Amino acid sequence: MKRVAILGSSGSIGVTTLRVIKQYPREFKLEALAVNKNIESLKRQAAEFKPGKIAVGDEETGKKIKKIGARDIHYGIEGLNRIASDKDVDIVVIGLSGSVALHPLLSAIRAGKHIALANKEALVMAGSIIMAELKKSKARLIPVDSEQSAIFQCLEGKEQDELKRLYLTASGGALYDVALKDFKYLKKKDILNHPRWKMGQKITVDSATLMNKGLEVIEAGWLFDVEVRNIEVLIHRQAIIHSMVEFVDASVLAQLGVTDMSLPIQYALTYPRRLSNPKNHLNFFSIESLTFDKVDNKKFPCLDFAYRAARDAGTAPAVMNAVNEEAVSAFLDQRIGFTLIPDIIEKIMSKHKTLKNPNLPAILEADTWARRQARELITRLDS
């Protein structure tokens, strides 16, 4: 039986992971949970799964959960790091959104854990450092995002020199059928109404701007050692094909499945085994068509920003990611309109002088600089 820690247990990835654990009680035991401030969700999860260890955002939040029965309660980033590297944990599920996942991911790698990674931002910020640490470690990193999981499965058993191109599919998010001229009228509820996936707010906004796909392009480059010029994004509205791999002999392999994150999560937990799944079978007779379209770069400039950041490399992806996080947060707080998100990203990226081959402190410094610049710009726009 594998002992599992979930970082970000109150989010959609965390909740779905708990559902998978519950489905296979002989395979998994929940050892640890981590949330930021969602105490009510944590209490419900702890009452059902009885984890031995818990981490929360700060000590003040921790005072509210003293009576839920966990042996150990940890706080902040240090708490996340301790759970990610805990000797009683076999599998670490990183379902945290944003750059906060970077340090616990590194902690899990250095501790040699089996890691189910559902976070893009850490690899976008510090891909070179993470992959270098991974090579020195006994850790195993399995992607959870449906697109990266699809590529991972298609590449299994293949040689690197056989690979020609990766195709990342995108559903198009909430705005595929909305004219660019109407973007300025969109409200928060319109953006969060994703047609295919139920996700957290930040990733849903990123899906609407296609920044989510841009982050995936950079992430895929690191995960699969592929130049970004050999990674292409296709709009696939049905969200049945989760991604594809083209090989040098012109053969293309695709991974298909229903739109349920429990499938890639289950595979990441059980890898290299596959467990029988009585649910979520794909009904081919219900699929009317499988279509593919090019991305409209005028409507979705954030994808171009990601390709540019990947080409510039160094600190550029960390800056782009930091500004995007700040702009999306401001939009969700209804401080700025939706159309200002790409404008803010472009402005700050254009001001940044990229440092090549940065170490971790330099990346974190670039992240801090970008956030400060973004917040100042957002404050001026909001005034």
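Remember, it's a predicted structure, so these values are computed and weren't measured experimentally.
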Legend entry - Side-chain heavy-atom pair Leu123, Leu117 within 4.5 angstrom cut-off: yes
Legend entry - Any donor-acceptor pair under 3.5 Å from Gln45 side chain to Ser9 backbone: yes
Inset, instruction - Assess the side chains of Ser329 and Glu325: does a donor N or O sit below 3.5 Å from an acceptor N or O? - result: no
Inset, instruction - Look at Asp343 together with Lys347 and state whether they make a salt bridge at an N to O cut-off of under 4.0 Å. - result: no
Inset, instruction - Indicate yes or no: at least one non-hydrogen side-chain atom of Asp86 is less than 4.5 angstrom from one of Asp72. - result: no
Legend entry - Residue among Glu219, His242, Glu216 satisfying side-chain hydrogen bond (donor to acceptor under 3.5 Å, both in side chains) with Gln148: Glu219
Inset, instruction - Would you check if Val323 and Leu377 make a side-chain contact, meaning some heavy-atom pair closer than 4.5 Å? - result: no
Inset, instruction - Indicate yes or no: at least one non-hydrogen side-chain atom of Ile91 is less than 4.5 angstrom from one of Glu31. - result: no
Legend entry - Check: Tyr167 ring centre within less than 6.0 Å of Phe292 ring centre: no
Legend entry - Spacing of CG belonging to Asn280 relative to OG1 belonging to Thr259, to within rounding of 0.5 Å: 9.0 Å
Inset, instruction - With side chain to side chain donor-acceptor pair (under 3.5 Å) as the test, would you mind laying out the steps for Tyr271 and Glu156 before giving the verdict? - result: CA-CA 11 Å; Tyr271 181 84; Glu156 195 166 4; 3.3 Å; yes
Inset, instruction - Give a yes or no on whether a salt bridge exists between Lys37 and Asp58, defined as a side-chain N under 4.0 angstrom from a carboxylate O. - result: yes
Inset, instruction - Specify whether Trp369 and His352 have parallel, tilted or perpendicular ring planes, treating 30° as the upper limit for parallel and 60° as the lower limit for perpendicular. - result: tilted
Inset, instruction - Please tell me if the side chains of Asn283 and Val258 come closer than 4.5 Å, counting only heavy atoms from C-beta onward. - result: no
Inset, instruction - Look at the side chain of His236 and the backbone N and O of Ile241, then say whether any donor-acceptor pair between them is shorter than 3.5 Å. - result: yes
Legend entry - Under-4.0 Å salt bridge between Lys120 and Glu147: no
Legend entry - Arg308 bridged to Asp304 by N-O distance under 4.0 Å: no
Legend entry - Value rounded to 0.5 Å, distance of CD1 in Ile287 from CG in Leu256: 7.0 Å
Legend entry - Carboxylate-amine/guanidinium contact Arg375 Glu326, below 4.0 Å: yes
Inset, instruction - Using atom types as modelled and distance alone, determine if a side-chain donor or acceptor of Lys213 lies under 3.5 Å from a backbone N or O of Leu168. - result: no
Inset, instruction - Identify whether the distance between the nearest side-chain nitrogen and carboxylate oxygen of Arg3 and Asp88 falls below 4.0 Å. - result: yes
